[in-house]
**Student:** 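Below you will find the structure I want to go over with you.
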Amino acid sequence: MKGSTLMITNLSDITIFSELPEEALLRIAPLLKERQFKKNHVLMFENDLSEEVYLIRSGMLKVYRLSEDREIVLSIATAGDILGESEALSSDNHRISSVEALENVSVWQIGKQDFLYIVEQYPAVLRKAYTILIERMRILNRLIRYLSLYDVRTKTANLIMDLYFNFGKHNDNVYKIDLKIRQSLMANMLGVTRESISKTLSDFQAEGILDIQDKYLFILDKSKLESICNKIEEIPELRKWNSQ
């Protein structure tokens with residue numbers, strides 16, 4: 001997954017269009033509308049009827065659901081990702097989940113009918129859509145395991161490893177997660193309280209596993225962190241949220 005500071009300028013860097021030839025991208029470009037959204041703007045609400053599809057050029061968004069005022073974050077979307085295509089490909093336009101900007105976001109917006117026209121003209125787009133769907137199912141399957149089977153310490157260790165595989169940088173035996181992330185967001189990704197996350201992160205710091213500087217996480221002892229994960233992901237590469 002691409003970092004949240006990246007600004008995409010070429011349609012070929014949007015995952016769902018990555019296999020299309022240049023002439024196809026030139027035909028698609030006029031169908032797109034540039035939009036910018038401020039931090040905390042909600043692009044779509046769960047169960048609402050709307051048809052827009054969003055191609056993320058820059059920024060980071062959370063995909064989430066609410067139940068009795070309790071928020072569960074299902075995934076994080078960044079530059080290169082697409083949102084809303086599942087509903088566009090469905091006969092039901094009700095939104096599956098809510099999407100909120102975690103920082104200022106730039107997107108290309110396209111309507112449902114134009115998106116379906118692209119799918120009909122270029123089967124490679126539909127194949128990519130299926131690939132993206134399977135990857136999301138894999139992420140949700142892991143989320144279910146985190147929520148239902150493991151204690152806070154194991155959940156948190158696994159989330160940190162997931163974040164490293166998607167946003168990590170390695171330098172001199174220090175593994176930096178190059179993403180500012182709030183403890184409240186981590187708590188909502190794991191279905192626990194912020195206090196539980198705060199205590200667990202403090203424990204990891206005291207044990208020399210982790211350091212936190214200006215909301216950036218630094219893994220100091222990757223082997224020890226992996227041992228806490230309880231082998232929840234036997235194939236480490238499957239922790240990546242976007243393999244494209």
Side-chain angles (χ1 to χ4, degrees), residues 1-8 13-15 18 56-64 73-82 101-103 105 131-132 134-143 145-147 150 152-192 194 197-198 200-244:
M1 179 173 287
K2 303 172 179 67
S4 63
T5 57
L6 175 72
M7 169 63 84
I8 285 180
D13 291 327
I14 300 293
T15 299
S18 61
I56 304 171
R57 302 183 64 202
S58 70
M60 183 169 66
L61 308 97
K62 65 178 179 182
V63 181
Y64 66 99
V73 175
L74 305 176
S75 65
I76 301 294
T78 58
D81 290 335
I82 184 171
L102 292 172
E103 54 193 22
V105 169
T131 300
I132 292 168
I134 293 300
E135 289 176 342
R136 288 176 181 166
M137 289 177 61
R138 195 189 306 279
I139 293 169
L140 289 175
N141 283 341
R142 185 179 296 111
L143 176 61
R145 291 158 71 187
Y146 291 176
L147 293 176
Y150 296 97
V152 175
R153 183 177 172 89
T154 305
K155 291 178 183 179
T156 305
N158 275 283
L159 177 58
I160 292 170
M161 287 302 300
D162 287 349
L163 292 170
Y164 174 72
F165 267 82
N166 289 280
F167 301 100
K169 292 184 177 180
H170 179 204
N171 185 28
D172 294 332
N173 293 322
V174 175
Y175 302 83
K176 178 184 179 183
I177 297 172
D178 196 20
L179 172 74
K180 285 190 175 184
I181 185 165
R182 303 188 310 274
Q183 292 183 8
S184 58
L185 179 61
M186 295 180 69
N188 289 341
M189 294 178 77
L190 295 174
V192 300
R194 185 187 178 282
I197 285 288
S198 179
T200 303
L201 293 177
S202 295
D203 289 345
F204 286 172
Q205 288 179 281
E207 296 168 34
I209 297 171
L210 192 72
D211 190 20
I212 303 174
Q213 300 176 21
D214 192 26
K215 297 182 182 177
Y216 288 105
L217 303 181
F218 295 83
I219 302 172
L220 306 180
D221 192 334
K222 188 164 173 278
S223 296
K224 191 169 183 180
L225 184 66
E226 288 173 331
S227 71
I228 298 170
C229 289
N230 198 30
K231 296 183 179 179
I232 194 169
E233 185 52 76
E234 294 80 9
I235 305 173
E237 290 74 17
L238 293 181
R239 289 185 182 275
K240 289 189 69 66
W241 296 335
N242 187 339
S243 63
Q244 305 306 305

**Student:** Between Arg194 and Ala187 (side chain of the first, backbone of the second, donor and acceptor by atom type, cut-off under 3.5 Å), is there such a pair?
**Tutor:**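 Answer holds: no.
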**Student:** Verify, without hydrogens or angle tests, whether Glu103 (side chain) and Met60 (backbone) share a donor-acceptor contact under 3.5 angstrom.
**Tutor:**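 Yes, the answer is positive, given that a donor and an acceptor are paired below the 3.5 Å cut-off.
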**Student:** Side chains of Ile181 and Ile177: closer than 4.5 Å at any heavy-atom pair?
**Tutor:**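 They are not in side-chain contact.
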**Student:** Tell me, do Leu190 and Ile197 make a side-chain contact under 4.5 Å, heavy atoms counted?
**Tutor:**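 Heavy-atom side-chain distance check passes, below 4.5 Å.
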**Student:** Using side chain to side chain contact (heavy atoms under 4.5 Å, CB included), reason through Met189 and Leu143 one step at a time and then give a plain yes or no.
**Tutor:** CA-CA 8 Å; Met189 294 178 77; Leu143 176 61; 5.8 Å; no
**Student:** Should Ile8 and Ile14 be marked as a side chain to side chain contact (heavy atoms under 4.5 Å, CB included) after you check the CA-CA gap, both sets of side-chain angles, and the distance that decides it?
**Tutor:** CA-CA 8 Å; Ile8 285 180; Ile14 300 293; 4.0 Å; yes
**Student:** Between CE of Met161 and CZ of Arg239, what distance do you get to the nearest 0.5 Å?
**Tutor:**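 Result: 5.5 Å between the selected atoms.
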**Student:** Honestly, is Lys222 close enough over Tyr175, meaning NZ or CZ under 6.0 Å from the six-membered ring centre and within 45° of the axis?
**Tutor:**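 Pair Lys222/Tyr175 counts as cation-pi.
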**Student:** Indicate yes or no: at least one non-hydrogen side-chain atom of Leu225 is less than 4.5 angstrom from one of Phe204.
**Tutor:**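 Heavy-atom side-chain distance check passes, below 4.5 Å.
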**Student:** Measure the NZ-CZ distance between Lys180 and Phe167 for me, rounded to the nearest 0.5 Å.
**Tutor:**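 With rounding to 0.5 Å, NZ (Lys180) is 15.0 Å from CZ (Phe167).
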**Student:** Just do the side chain to side chain contact (heavy atoms under 4.5 Å, CB included) check on Ile132 and Ile82 with the steps written out, would you?
**Tutor:** CA-CA 9 Å; Ile132 292 168; Ile82 184 171; 3.9 Å; yes
**Student:** Distance from Cys229 atom SG to Leu159 atom CG, nearest 0.5 Å?
**Tutor:**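 It comes to 10.0 Å.
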**Student:** What's the shortest heavy-atom distance between Val105 and Gly59, and which atoms?
**Tutor:**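 Looking at all heavy atoms of both residues, the closest pair is CG2-CA, 4.2 Å.
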**Student:** Using distance alone, with no hydrogens and no angle criterion, decide if Gln205 and Asp203 have a side-chain donor and acceptor under 3.5 Å apart.
**Tutor:**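 Their side chains do not contain a donor-acceptor pair, so the 3.5 Å distance test is not met.
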**Student:** Quick one: does any side-chain atom of Asn171 pair with a main-chain N or O of Val174 as donor and acceptor, under 3.5 Å?
**Tutor:**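 No, the answer is negative, given that no donor and acceptor are paired below the 3.5 Å cut-off.
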**Student:** In Å and rounded to the nearest 0.5 Å, what is the CD1 to CG distance from Ile76 to Asp81?
**Tutor:**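 That separation rounds to 10.5 Å.
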**Student:** Looking at Tyr216, I'd like to know if the NZ or CZ of Lys176 sits under 6.0 Å from its six-membered ring centre while staying within 45 degrees of the ring's axis.
**Tutor:**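 Relative to the ring axis of Tyr216, which defines the angle, Lys176 lies inside both limits.
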**Student:** Calculate, to the nearest 0.5 Å, the distance between atoms CD and CD1 belonging to Glu226 and Ile160 respectively.
**Tutor:**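 Separation between the atoms: 12.0 Å.
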**Student:** Which residue, Asn141, Asp162, Thr154, forms the side-chain hydrogen bond (donor to acceptor under 3.5 Å, both in side chains) with Tyr146?
**Tutor:**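 Answer after filtering Asn141, Asp162, Thr154: Asp162.
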**Student:** Are the side chain of Thr156 and the backbone of Val152 linked by a donor-acceptor contact shorter than 3.5 Å?
**Tutor:**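 Side chain of Thr156 to backbone of Val152, a donor-acceptor pair under 3.5 Å: yes, one is there.
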**Student:** Does a side-chain heavy-atom distance below 4.5 Å link Leu210 with Ile219?
**Tutor:**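 SC-SC contact between Leu210 and Ile219 confirmed.
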**Student:** Does Ile139 form a side chain to side chain contact (heavy atoms under 4.5 Å, CB included) with Leu74? I'd like the steps, not just the answer.
**Tutor:** CA-CA 8 Å; Ile139 293 169; Leu74 305 176; over 6 Å; no
**Student:** How many angstroms lie between CG in Leu201 and CZ in Arg153, if you round to the nearest 0.5 Å?
**Tutor:**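 If I round to the nearest 0.5 Å, the distance is 11.0 Å.
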**Student:** Taking Ala101's backbone N and O only, do any of them form a donor-acceptor pair with Lys62's side chain (distance below 3.5 Å, no angle check)?
**Tutor:**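 Judged by distance alone, no pair lies under 3.5 Å.
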**Student:** Start with the C-alpha distance between Arg142 and Asn158, add both sets of side-chain angles, then the distance that settles side chain to side chain donor-acceptor pair (under 3.5 Å), and finish with yes or no.
**Tutor:** CA-CA 10 Å; Arg142 185 179 296 111; Asn158 275 283; over 6 Å; no
**Student:** Taking the side chain as every heavy atom from C-beta outward, state whether Arg138 and Trp241 have any pair of such atoms under 4.5 Å apart.
**Tutor:**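 They are not in contact (no side-chain heavy atoms under 4.5 Å apart), so the answer is no.
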**Student:** Does some side-chain heavy atom of Leu179 sit less than 4.5 Å from a side-chain heavy atom of Thr78?
**Tutor:**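 They are not in contact (no side-chain heavy atoms under 4.5 Å apart), so the answer is no.
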**Student:** Taking the side chain from Asn188 and the backbone from Val73, do they hold a donor-acceptor pair closer than 3.5 Å?
**Tutor:**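 Checking the backbone N and O of Val73 against the side chain of Asn188, no donor-acceptor pair under 3.5 Å is found.
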**Student:** Donor-acceptor check, side chain of Ser202 to backbone of Ser198, threshold 3.5 angstrom: yes or no?
**Tutor:**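 Yes: the side chain of Ser202 pairs with the backbone of Ser198.
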**Student:** Could you tell me whether the side chain of Arg145 and the main chain of Leu140 form a donor-acceptor pair under 3.5 Å?
**Tutor:**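 No, because the side chain of Arg145 does not come within donor-acceptor range (under 3.5 Å) of the backbone of Leu140.
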